[in-house]
**Student:** 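My questions will all concern the structure given below.
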Amino acid sequence: MIAYCEDYERRQRVLSNPKALPEAREYYAYINTTIDAALTHSLPSLEPTERVAMREDIACRRGATYSPLYQLSPATYKRYKRRAKYVIARDLGLLP
């Protein structure tokens, strides 16, 4: 699941490339929209830019101390991150 978040930007570049294979573009669009929808669903109280920061924190394995989401308390940050990771994994079908 972390690898899916880590590879988000590369998939975005492929999606913007008109020469990419249609099957790859369709699959990449599915993954990226699923990640975005999971973040929106799991973190409704955060702004869209804060959700992007959370996705980047998941991808970089960055914790509360080094996160740009410094306005959140460490306990709240950990709870939000745990919830986001769970919902992303569930929506991508990575959980049993």
Side-chain angles (χ1 to χ4, degrees):
M1 187 274 311
I2 293 171
Y4 281 107
C5 290
E6 192 174 13
D7 204 31
Y8 186 92
E9 297 300 326
R10 185 189 66 82
R11 286 191 301 272
Q12 282 298 105
R13 286 193 305 273
V14 171
L15 287 172
S16 65
N17 182 1
K19 295 181 182 179
L21 293 174
E23 297 86 9
R25 291 180 63 167
E26 180 180 339
Y27 181 66
Y28 288 173
Y30 166 74
I31 292 173
N32 282 2
T33 55
T34 302
I35 290 172
D36 290 338
L39 286 170
T40 302
H41 176 70
S42 65
L43 306 171
S45 62
L46 294 182
E47 297 293 321
T49 56
E50 294 171 331
R51 289 187 203 121
V52 170
M54 182 62 76
R55 178 179 44 84
E56 291 171 353
D57 285 354
I58 293 169
C60 297
R61 298 177 181 137
R62 188 169 35 213
T65 306
Y66 301 105
S67 175
L69 298 172
Y70 55 84
Q71 72 274 15
L72 299 174
S73 71
T76 302
Y77 175 85
K78 290 175 186 178
R79 187 174 65 244
Y80 282 4
K81 188 173 178 182
R82 190 178 314 118
R83 184 182 333 147
K85 287 168 68 173
Y86 174 78
V87 173
I88 290 170
R90 184 192 67 197
D91 290 355
L92 288 174
L94 301 175
L95 296 177

**Student:** In Å and rounded to the nearest 0.5 Å, what is the CZ to CG distance from Arg13 to Asp7?
**Tutor:** 8.5 Å
**Student:** How would you list all residue pairs meeting salt bridge (charged side-chain N to carboxylate O under 4.0 Å, His left out) that involve residues 57-74, not counting sequence neighbours?
**Tutor:**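 As it turns out, the salt bridge (charged side-chain N to carboxylate O under 4.0 Å, His left out) pairs with a partner in residues 57-74, which skip direct neighbours, are Asp57-Arg62.
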**Student:** Distance check, rounded to the nearest 0.5 Å: Thr40 atom OG1 versus Ile35 atom CD1?
**Tutor:**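 The OG1 atom of Thr40 sits 11.5 Å away from the CD1 atom of Ile35.
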**Student:** With side chains defined as the heavy atoms from C-beta onward, is the minimum distance between Tyr4 and Leu94 less than 4.5 Å?
**Tutor:** yes
**Student:** Ignoring hydrogens and angles, write down the donor-acceptor pairs under 3.5 Å from the side chains of residues 23-31, residues two or more places apart or on other chains.
**Tutor:**
residue : atom : partner : partner atom : Å
Arg25   : NH1  : Asn17   : O            : 3.4
Arg25   : NH2  : Leu15   : O            : 3.1
Tyr28   : OH   : Arg10   : NH2          : 3.2

**Student:** For residues 44-54, run the donor-acceptor check on the side chains, cut-off 3.5 Å, and write out each pair with its distance to 0.1 Å, sequence neighbours left out.
**Tutor:**
residue : atom : partner : partner atom : Å
Ser45   : OG   : Tyr80   : OH           : 3.2
Glu50   : OE1  : Glu47   : N            : 2.8
Glu50   : OE2  : Gln71   : NE2          : 2.7
Arg51   : NE   : Leu43   : O            : 3.0
Arg51   : NE   : Leu46   : O            : 3.4
Arg51   : NH2  : Leu46   : O            : 2.8

**Student:** Which heavy-atom pair separates Pro18 from Ser16 by the least distance, and what is that distance?
**Tutor:** CD-O, 3.3 Å
**Student:** First locate atom CZ of Arg55, then atom SG of Cys60, and finally report the distance between them rounded to the nearest 0.5 Å.
**Tutor:**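 SG of Cys60 is found 10.0 Å from CZ of Arg55.
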**Student:** Is any side-chain heavy atom of Ile58 closer than 4.5 Å to one of Met1?
**Tutor:** yes
**Student:** To the nearest 0.5 Å, what is the distance between NZ (Lys81) and CG (Leu69)?
**Tutor:** 10.0 Å
**Student:** Side chains of His41 and Arg83: does their closest heavy-atom pair fall under 4.5 Å?
**Tutor:** no
**Student:** Start with the C-alpha gap between Arg79 and Thr76, add the side-chain angles, then the distance that decides, and say whether side chain to side chain contact (heavy atoms under 4.5 Å, CB included) holds.
**Tutor:** CA-CA 5 Å; Arg79 187 174 65 244; Thr76 302; 3.8 Å; yes
**Student:** What is the minimum heavy-atom distance between Tyr77 and Gly63, and which atoms define it?
**Tutor:** CE2-C, 3.6 Å
**Student:** Would you name the heavy atoms of Ala59 and Ile2 that are closest together and state the gap between them?
**Tutor:** O-CG2, 4.0 Å
**Student:** Rounded to the nearest 0.5 Å, how far does CG of Leu39 lie from CG of Asp91?
**Tutor:**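 These two atoms lie 9.5 Å from each other.
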